[in-house]
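Worth knowing before you read on, the calculation uses all heavy atoms, side chains too, and leaves out hydrogens, waters and symmetry mates. The model shown is predicted, which means the values in this text are computed figures rather than measured ones.
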Amino acid sequence: MNIEQARFNMIEQQIRPWDVLDPAVLSLLAAVKREDFVPAAYRALAFVDTEVPLPGGQCMLAPRVEARLLQEAKVQRHETVLEVGAGSGFMAALLGHRAQRVITLESRPELARMASENLRRAGLSNVSVREADGREGLAAEGPFDVIVLSGSVAQVPQALFDQLKVGGRLITIEGTEPVMRAVLYTRQSDKALSKVELFDTVAQRLDGFAEPTRFHF
């Protein structure tokens with residue numbers, strides 16, 4: 001496999017047609033080596049339009065979904081980002097190239113170790129991996145400019161909204177199969193959030209983010 005040709009084809013045939021047109025995002029996808037974040041057994045799938053398997057039955061988001069979420073989050077160089085669901089560390093690596101600081105939470109020890117090692121090899125000293133349950137976020141380190149949930153949720157926990165700065169954005173994939181869509185929340189004030197629906201997709205559920213709690217009165 002010609003890796004650089006495969007990377008070029010991924011960008012031009014999968015990512016750009018999915019309305020990812022930000023030149024900075026496209027340049028970053030060309031520069032960050034996705035294949036280094038894919039388990040060796042699945043290296044041939046690194047640039048394919050599919051979710052790549054990870055240990056424990058988890059998976060990486062498809063490249064076009066990662067790219068679109070990255071573009072829509074509009075991360076700036078001065079910002080601090082919290083990611084929930086480190087997986088192999090690839091999205092954290094992309095975020096790390098755009099933000100001042102990234103903390104990524106991963107509840108599965110094997111994946112936390114994998115992400116840490118991949119990020120270390122990639123030389124990203126401004127990205128740290130924490131083995132933690134992402135549902136509660138990381139209030140001690142917040143509030144955050146951007147929160148990225150790298151997977152799907154039935155609904156976003158209030159604890160995560162509470163850790164957004166005014167002007168901060170939270171991006172995730174929300175809903176229940178077969179109907180899910182990527183959404184962007186923005187904190188307008190201490191008490192107000194806006195919500196924009198971005199695009200329809202389906203993604204694996206993040207650990208612990210099951211169906212919404214049903215209240216009985």
Would you compute the distance between atom [atom1] of [X] and atom [atom2] of [Y] and round it to the nearest 0.5 angstrom?
X: Glu66; Y: Gln71; atom1: CD; atom2: CD; result: 14.0 Å
X: Ile3; Y: Phe47; atom1: CD1; atom2: CZ; result: 5.5 Å
X: Gln204; Y: Glu51; atom1: CD; atom2: CD; result: 6.5 Å
X: Ser27; Y: His97; atom1: OG; atom2: NE2; result: 12.5 Å
X: Lys165; Y: Asp190; atom1: NZ; atom2: CG; result: 13.5 Å
X: Arg135; Y: Ser107; atom1: CZ; atom2: OG; result: 8.5 Å

> Think Arg34 forms a cation-pi with Phe90, using NZ or CZ under 6.0 Å from the six-ring centre and within 45 degrees of its axis?
Replying inline: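 Relative to the ring axis of Phe90, which defines the angle, Arg34 lies inside both limits.
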>> Let's go through Thr80 and Arg101 carefully: what are the C-alpha distance in whole Å and the side-chain angles of both, what is the deciding distance for side-chain hydrogen bond (donor to acceptor under 3.5 Å, both in side chains) to 0.1 Å, and is it a yes or a no?
In response: CA-CA 5 Å; Thr80 299; Arg101 182 178 177 227; 5.4 Å; no
Would you indicate whether the side-chain heavy atoms of [Y] and [X] approach each other to under 4.5 Å?
X: Met91; Y: Leu69; answer: yes
X: Arg130; Y: Thr104; answer: no
X: Ser152; Y: Thr172; answer: no
X: Thr186; Y: Leu193; answer: no
X: Asn118; Y: Asp36; answer: no
X: Leu70; Y: Arg98; answer: yes

Basic-acidic side-chain contact under 4.0 Å: [X], [Y]:
X: Glu79; Y: Arg169; answer: yes
X: Glu35; Y: Arg43; answer: no
X: Glu72; Y: Arg68; answer: yes
X: Arg7; Y: Glu4; answer: yes

>> So which atom in Ala203 and which in Leu61 form the shortest heavy-atom distance, rounded to 0.1 Å?
In response: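 Looking at all heavy atoms of both residues, the closest pair is CB-CD2, 3.7 Å.
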> Which heavy atom of Glu83 sits nearest a heavy atom of Ser150, and at what distance?
Replying inline: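 In this case the closest contact between Glu83 and Ser150 is OE2-OG, 2.6 Å.
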> What pairs with Arg108 under salt bridge (Lys or Arg N to Asp or Glu O under 4.0 Å), at least two apart in sequence or on another chain?
Replying inline: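 If we apply the salt bridge (Lys or Arg N to Asp or Glu O under 4.0 Å) test to Arg108, skipping adjacent residues, the hits are Asp207.
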> Quick one: which of Leu82, Val102, Leu170, Val81 gives a side chain to side chain contact (heavy atoms under 4.5 Å, CB included) with Phe144?
Replying inline: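 Looking at Leu82, Val102, Leu170, Val81, the match for Phe144 under the side chain to side chain contact (heavy atoms under 4.5 Å, CB included) is Leu82.
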>> Checking Leu29 against Ile15 for the side-chain contact (heavy atoms from CB on, under 4.5 Å) test, could you report, in this order, the C-alpha distance in whole Å, the side-chain angles of both residues, the deciding distance, and whether it holds?
In response: CA-CA 9 Å; Leu29 292 165; Ile15 291 172; 3.9 Å; yes
> Can you list the steps and then say if Leu138 with Ile103 is a side-chain contact (heavy atoms from CB on, under 4.5 Å)?
Replying inline: CA-CA 9 Å; Leu138 200 61; Ile103 303 170; 3.7 Å; yes
> Under 3.5 Å, is there a donor-acceptor pair between the side chain of Gln76 and the main chain of Lys74?
Replying inline: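 At least one qualifying donor-acceptor pair exists.
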> Under 3.5 Å, is there a donor-acceptor pair between the side chain of Arg187 and the main chain of Asp145?
Replying inline: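 Not at all, since once roles are kept as given, no pair shorter than 3.5 Å links the two residues.
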> Checking salt bridge (Lys or Arg N to Asp or Glu O under 4.0 Å) for the pair Arg120/Glu117: CA distance, chi angles, key distance, verdict?
Replying inline: CA-CA 5 Å; Arg120 185 192 63 76; Glu117 179 61 21; 2.6 Å; yes
> Run the side-chain contact (heavy atoms from CB on, under 4.5 Å) check on Leu21 and Arg16 step by step: do they pass?
Replying inline: CA-CA 6 Å; Leu21 303 173; Arg16 195 186 286 272; 3.7 Å; yes
>> Is there a side-chain contact (heavy atoms from CB on, under 4.5 Å) between Leu184 and Lys195? Walk through the geometry before answering.
In response: CA-CA 6 Å; Leu184 178 70; Lys195 177 181 178 179; over 6 Å; no
